[in-house]
Protein chains: 2
Amino acid sequence: MKPLSKTQDHPSNNKLIKKFLKEGSHFHHPSFSIDCVIFGFHENQLKILLLKMHHSKKWALPGGFVGKDEDLDDAAHNILKSRTGLTNIFLQQFHVFGSQNREDPKYVNQMLDFYNMNKKNHWLKKRFITAGYYALVDYSRTFPQVDPFSSHCSWINLNEIPAMILDHKIIIDKALFTLRLQLIYQPIGLNLLPKKFTMRDIQSLYETILNKKIDRRNFQRKILSLKILKKLKEKKKGLPHKSPHLFKFDEKQYQIALNEGLKGSW
Amino acid sequence: MKPLSKTQDHPSNNKLIKKFLKEGSHFHHPSFSIDCVIFGFHENQLKILLLKMHHSKKWALPGGFVGKDEDLDDAAHNILKSRTGLTNIFLQQFHVFGSQNREDPKYVNQMLDFYNMNKKNHWLKKRFITAGYYALVDYSRTFPQVDPFSSHCSWINLNEIPAMILDHKIIIDKALFTLRLQLIYQPIGLNLLPKKFTMRDIQSLYETILNKKIDRRNFQRKILSLKILKKLKEKKKGLPHKSPHLFKFDEKQYQIALNEGLKGSW
DNA sequence: TCAAAAGTGTTTGGTTTACACCCATGA
DNA sequence: TCATGGGTGTAAACCAAACACTTTTGA
């Protein structure tokens with residue numbers, strides 16, 4: 001596992017947390033939460049942003065609740081912004097998880113004990129239904145921030161996922177499945193790659209998500225035929241070999257392709 | 001619009017309804033509901049099962065609530081069974097609807113007045129988040145049943161949808177969109193067609209869902225290449241012209257195809 | 001015996017796959 | 001000057017779309 005982002009202890013947050021634990025249920029849609037699977041891409045690795053929880057050895061997806069008068073999608077965007085600083089990002093609901101046993105009384109009890117809260121019938125101990133959202137972001141433009149219940153907020157390689165609370169591992173798997181499916185009929189990469197990138201960069205992205213090798217020449221032909229890329233005059237310098245062209249997304253065409261739903265398969 | 005199924009007035013249900021209105025919130029997951037878009041196919045028409053509400057001129061999707069200790073998917077199956085009598089049916093969650101303004105205070109007020117209930121802070125007047133499920137069923141094997149809040153339960157042609165409560169029209173549109181998308185990478189038709197059917201039957205189904213004509217010969221080649229159909233010795237008799245072969249689904253292959261996700265496009 | 005629908009190909013053009021050669025660059 | 005990856009091309013296999021002829025049937 002890669003080095004973690006620096007611990008932030010938020011000791012000043014104690015009061016806030018207590019208020020939240022006591023009165024949170026008044027401000028939020030009851031027994032309903034949102035969990036975000038935030039994908040980032042760096043050094044040919046697909047990563048997701050995870051939180052290490054206080055009061056538990058386990059990790060969790062960035063999540064939150066829905067305000068009483070808040071749209072679901074807005075709530076998800078707020079969570080994304082709080083953890084990464086990013087706004088206006090592709091963020092999509094992909095599944096609701098509502099199995100009857102999605103609770104973790106042990107963890108919640110520990111937390112309530114820690115803050116000297118009354119455990120009986122506490123609103124957090126009820127079964128929650130959670131909506132899973134997934135986002136694709138540019139790893140290098142994020143500033144991961146812990147939330148009050150976590151000690152670390154880190155990018156973790158997809159093949160190094162630690163023990164997760166609740167059914168969060170299932171949520172991640174479903175997100176990845178959806179992402180791969182999506183890739184078949186929609187373009188992907190805007191927000192996940194830097195503004196300018198080489199053909200190899202975007203191919204690595206596709207290969208990583210699909211977890212298979214693609215022929216370099218065939219990939220180029222196919223991705224260009226989608227008309228979502230613009231070739232720049234500029235080349236990438238300072239590499240040990242021939243300087244590759246840089247590309248950027250043609251955002252207009254990209255949006256059209258997103259809406260129309262591409263066909264075909266990789 | 002086609003003739004409606006016979007009105008059932010459920011006068012004996014008054015007591016039950018009052019109990020539900022008074023105490024329903026104790027038994028159910030709070031402020032959360034399920035709505036089902038149940039597609040059926042008959043006479044080359046795609047239909048959906050709708051309820052005409054008491055106390056309103058509008059119609060609604062068959063829906064319900066989730067028991068405190070009930071899985072989301074189980075709740076959806078129960079709703080499907082109550083309205084159609086069917087079990088073991090393809091039923092899939094496709095979206096959660098949680099915009100902040102999905103309420104219809106006027107309609108709920110009318111109903112509460114009718115039953116002399118206290119309107120103040122009534123649990124049904126809160127904003128609900130609802131999970132949309134869609135099902136594909138064999139029209140001819142259903143026995144549509146009203147629920148206590150509706151006077152009719154009828155199959156309505158997709159192009160003759162009446163005024164709907166809340167955002168139910170949006171839910172229908174999204175279901176249809178998902179169905180069309182699904183058709184691209186998954187087989188469809190089991191449960192929606194009778195056990196035995198002709199090549200024309202299944203082609204009509206595809207044409208109806210996709211809302212476009214498909215070449216008869218190309219369709220046959222393509223659908224057979226999926227290996228999900230079994231040709232029967234039997235032929236359909238009593239037609240004015242040449243007797244067509246009957247087919248049935250190879251359920252084993254069908255399930256495999258469902259899980260693998262077909263590729264390609266129609 | 002005829003109209004209508006079923007059964008069965010074939011041709012054509014495009015897309016996907018597999019594979020090969022030359023070019024630019026820094027070490 | 002050489003190892004490495006970039007840029008470009010082509011043949012074969014495969015698939016989708018357009019289209020035609022023959023067969024069966026009841027009226």
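Throughout, a chain's letter reflects where its sequence line sits, starting with A, and its residues are numbered from 1. Both backbone and side-chain heavy atoms feed into the values below; hydrogens, waters and symmetry mates do not.
Ring planes of Phe197(B) and Phe247(B): parallel class, angle under 30° (limits at 30 and 60°). Taking the six-membered ring for Trp and thresholds of 30 and 60 degrees, His42(B) and Tyr139(B) have nearly parallel ring planes, at less than 30 degrees apart.
dT24(D) atom C1' lies 8 Å from atom NZ of Lys235(B), rounded to whole Å. Between Phe219(A) atom CZ and dA18(C) atom P there is a gap of 16 Å when expressed in whole angstrom units. The interatomic distance linking Leu224(B) (CG) with dC15(D) (P) rounds to 15 Å, in whole Å. Distance NZ (Lys213(A)) to C1' (dT17(C)): 17 Å, rounded to an integer number of Å. Taking atom CD on Gln220(B) and atom P on dA18(D), their separation rounds to 18 Å, with Å as the unit. Rounded to whole Å, the distance from CZ on Phe197(B) to P on dA6(C) is 15 Å. When rounded to the nearest whole Å, the span between NZ of Lys236(B) and P of dA6(C) equals 10 Å. Between the CG atom of Leu239(B) and the P atom of dA27(D) there is a distance of 10 Å, given to the nearest Å.
In this structure, Lys231(A) reaches the sugar-phosphate backbone alone: every heavy-atom distance under 4.0 Å involves primed, P, OP1 or OP2 atoms, never a base. Looking at heavy-atom distances under 4.0 Å, Pro240(A) makes contact with a base.
Side-chain contact, Gln92(A) with Gln182(A): a donor N or O sits under 3.5 Å from an acceptor N or O. A donor-acceptor pair shorter than 3.5 Å can be found between the side chains of Trp155(B) and Thr142(B).
Using a 4.0 Å cut-off between a side-chain N of Lys or Arg and a carboxylate O of Asp or Glu, Glu207(B) and Lys212(B) do not qualify as a salt bridge. Checked for salt-bridge contact, Lys252(A) and Asp250(A) miss the test: no charged N lies under 4.0 Å from a carboxylate O.
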Using the 3.5 Å cut-off, write out each protein N or O paired with an N or O of nucleotides 19-22 of chain D and the distance between them.
residue, atom, partner, partner atom, Å
dC19(D), N4, Asp215(B), OD1, 3.4
dC19(D), N4, Arg217(B), NE, 3.2
dA20(D), N7, Arg217(B), NH1, 2.7
dA20(D), N6, Arg217(B), NE, 3.4
dA20(D), N6, Arg217(B), NH1, 2.6

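For the salt bridge (charged side-chain N to carboxylate O under 4.0 Å, His left out) test, no residue two or more places apart in sequence or in another chain qualifies with Asp73(A).
In this structure, Arg200(B) does not reach the dA5(C) phosphate: none of its side-chain N or O atoms is under 4.0 Å from OP1 or OP2. Phosphate proximity of dG7(C) to His245(B): present, with a side-chain N or O under 4.0 Å from OP1 or OP2. For dC15(D), the OP1/OP2 oxygens have no side-chain nitrogen or oxygen of Lys222(B) closer than 4.0 Å.
Checked against dA6(C), dT25(D), dT25(C), the side chain of His241(B) finds its nearest nucleotide in dT25(D).
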